Undergrad: 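One structure follows; several queries about it will come next.
Values in this document were obtained by computation on a predicted structure and should not be read as measured data. Below, read A as the first sequence line, B as the second, and so on, with proteins coming before strands; counting in each chain starts at 1. Every heavy atom of this structure was used, including side-chain atoms; hydrogens, water molecules and symmetry mates were not.
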Protein chains: 2
Amino acid sequence: MAGRRKTPIESEIIEPQSCTVHLRLHILKQLPFFKDLPDEAISQINALFRAEGCEAGKFIYFAGDPGVSLYVVAQGKIKLLRHAVTGQEVVLGILLPGEFFGSLPVLGEDTHPDTAQAHTTGCVLTITGDDFQKILQQYPGVSLAMLEIVSARLREAREIIHQLSASSVESRLAATLLKLASKLGKTQNDELLIQLPLSRQDLADMTGATVETISRTMSQFRKQKLIDSGRRWVAITDRDGLKEIAGL
Amino acid sequence: MAGRRKTPIESEIIEPQSCTVHLRLHILKQLPFFKDLPDEAISQINALFRAEGCEAGKFIYFAGDPGVSLYVVAQGKIKLLRHAVTGQEVVLGILLPGEFFGSLPVLGEDTHPDTAQAHTTGCVLTITGDDFQKILQQYPGVSLAMLEIVSARLREAREIIHQLSASSVESRLAATLLKLASKLGKTQNDELLIQLPLSRQDLADMTGATVETISRTMSQFRKQKLIDSGRRWVAITDRDGLKEIAGL
DNA sequence: CGCTGCCTTGATCTTCTTCAAAACGTGTGG
DNA sequence: CCACACGTTTTGAAGAAGATCAAGGCAGCG
């Protein structure tokens, strides 16, 4: 039977500084924008990156900070967000190992447009704007790969704009859960568990609603047997049902 | 005194097919991603583009259409939008001459994620995905320039997400008007006129509100002497006042 | 004129927020 | 192992913002 249980999320045990050289190479090699480069290029590029451990909750940078670095997630999950004047937070995305964030003078940015926070304990790799510029000049394919990724993110952002403009909290929450599940869901006895500690507050910040409204909607979803959830975790039990509510 | 007057917008008189070779070269040359290329490269690239005239209201493509072309606005204004299941529309942006839109297999897209419509009569230039791919390979600087532009659009989109999640219709409308004014505003006896026929419906679609709410808010702004407006036009009279409402 | 499409305004209803309080889970220290 | 404390979640009731429904007004155009 379904129903609230203890948290089923397997927490990654990580010592903040555990970014071994081996892991770094592995991460860099499989980055979408480096994956076509030969091994020796990767090692050369690796030397330009600096590792930085970060505990859950740590802010990596704040919106408005002068931004001259690019970051790559090596371990853990990073949350991109913006603060509103009201103190409210808006979550713009959650990044997994292998994804990049930050900003670059190359991209016409001189300060970070949003805040980055470690959502779970992990480790990020940093490169300076100047060094990255060198890579771009040396390997033209890299900028094309980045273009692809940024385009995908733009499409994603527009999808969210569409939802925020035209859908109810109910649909938005359903869509958000489905998106999270497809990104970091793990099948676990008939359910699709979202492998990420996720509070109601987080979901509220992702959907542009309040904690209370999210809690109510989640309770309703639970009654409808669409999801299963507890303290800081969610699992999807009826994917099609949620899709229906999300508006396909 | 201020107050409603006849439409002060100067309509561009354009014969749909008036895209002369001279104009095409001029447009292409000043495109942000071609501007560093030598003249002979531009003429060579020009040969790959096809011109297409479009009357106001004409749909250039619909969301979901298989997308294998990139477009560049030569004359007029193009509106990017999405339809909601409810029939509601969401405007994602308005593009001026020199801006590009559409999608490309290169960018990981195989169907258009949104609809493009001529907002005023104008002319667009088209290039096939394959041909554009050739340009990218031949001139690596182009993909870097495109990366810059797409990054800027992503930032813009995230800004809108932030607003939709955390601000009232009042702030959103103020911010939208300011953005439009900075993009296509013209100073005209003490006012900043937005050079674009703009209905209440358009503004509603841009801010995620209804026509009625926009109309009410505009009336309020007019009473507060922040703007001046009439049938399908708007001018800003108190920029700082609007900025205040937009939340700086 | 009188039509057609855009804009405005009012009244009512729905959705979501806000405020408030209670219940539950988890980790901690006895 | 238990009990307590804290942060998270839940639920209720009241209120506000905006949507919806419904009329009427005004500009531009044949």
Undergrad: Under 4.0 Å from OP1 or OP2 of dT9(C): is there any side-chain N or O of Ser215(B) that close?
TA: no

Undergrad: Return the set of residues passing side-chain contact (heavy atoms from CB on, under 4.5 Å) with Ser199(A) (not counting sequence neighbours), or none when no residue passes.
TA: Gln201(A), Asp202(A), Arg232(A)

Undergrad: At under 4.0 Å between heavy atoms, which parts of nucleotides 16-21 of chain C does protein reach? Answer with one letter per nucleotide, 5' to 3': B base, S sugar-phosphate only, - none.
TA: SBBB--

Undergrad: Please enumerate all residues that pass side-chain contact (heavy atoms from CB on, under 4.5 Å) together with Ser69(A), with sequence neighbours excluded.
TA: Tyr71(A), Thr126(A)

Undergrad: On the nucleotide dT8(C), are OP1 or OP2 found under 4.0 Å from the side-chain N or O atoms that Arg200(B) carries?
TA: yes

Undergrad: How many whole angstroms separate atom CZ of Arg231(A) from atom P of dA5(D)?
TA: 16 Å

Undergrad: Under 4.0 Å from any atom of DNA chain C, heavy atoms only: list the residues of residues 78-88 of chain A that qualify, in numerical order.
TA: none

Undergrad: If you look only at distance, which donor and acceptor atoms sit under 3.5 Å apart when one is on a side chain in residues 239-248 of chain A and the other is two or more places apart or in another chain?
TA:
none

Undergrad: Starting at CE of Met218(B) and ending at P of dC6(C), how long is that distance when rounded to a whole Å?
TA: 15 Å

Undergrad: Less than 4.5 Å apart, any side-chain heavy atom of Lys77(B) and any of Leu184(B)?
TA: yes

Undergrad: Could you work out, with side chain to side chain donor-acceptor pair (under 3.5 Å) as the rule, every residue matching Arg82(B), not counting sequence neighbours?
TA: Glu159(A)

Undergrad: For the CD1 atom of Ile160(A) and the CD1 atom of Ile161(B), what is their distance to the nearest 0.5 Å?
TA: 4.5 Å

Undergrad: Just the rounded figure in Å: distance from P of dT9(D) to CD of Gln220(A).
TA: 18 Å

Undergrad: If a pair satisfies salt bridge (Lys or Arg N to Asp or Glu O under 4.0 Å) and one of its residues is in residues 162-188 of chain A, list it, with sequence neighbours excluded.
TA: Glu10(A)-Lys186(A), Glu99(A)-Lys183(A)

Undergrad: From CZ of Arg232(A) over to C1' of dG7(D), roughly how many Å is that when rounded to an integer?
TA: 9 Å

Undergrad: Nearest-Å distance, CH2 (Trp233(B)) to P (dC6(C))?
TA: 18 Å

Undergrad: Among pairs that include at least one residue of residues 173-215 of chain A, which meet ring-ring contact (aromatic ring centres under 6.0 Å, His included), considering only residues two or more places apart or in two chains?
TA: none

Undergrad: Mind checking side chain to side chain donor-acceptor pair (under 3.5 Å) for Arg200(A) and listing every partner two or more places apart, or none if nothing turns up?
TA: Ser229(A)

Undergrad: Could you tell me the separation between the CG atom of Leu164(A) and the P atom of dT15(C), rounded to a whole number of Å?
TA: 18 Å

Undergrad: Can you name the residues that form a side chain to side chain donor-acceptor pair (under 3.5 Å) with Thr111(A), not counting sequence neighbours?
TA: none

Undergrad: Separation of Leu173(B) atom CG from dA17(D) atom C1', in whole Å?
TA: 15 Å

Undergrad: In whole angstroms, how far is the P atom of dC7(C) from the CD atom of Gln201(B)?
TA: 9 Å

Undergrad: Find the runs of at least 3 consecutive base pairs, i with j, i+1 with j-1 and so on, that include DNA chain C, using Watson-Crick or G-U wobble geometry with both distances under 3.5 Å.
TA: C:1-5 with D:26-30, C:8-30 with D:1-23

Undergrad: List in chain and number order the residues that pass side chain to side chain donor-acceptor pair (under 3.5 Å) with Lys58(A), two or more places apart in sequence or in another chain; answer none if no residue qualifies.
TA: Glu52(A)

Undergrad: Does a side-chain N or O of Arg222(B) approach OP1 or OP2 of dT8(C) to a distance below 4.0 Å, or not?
TA: yes

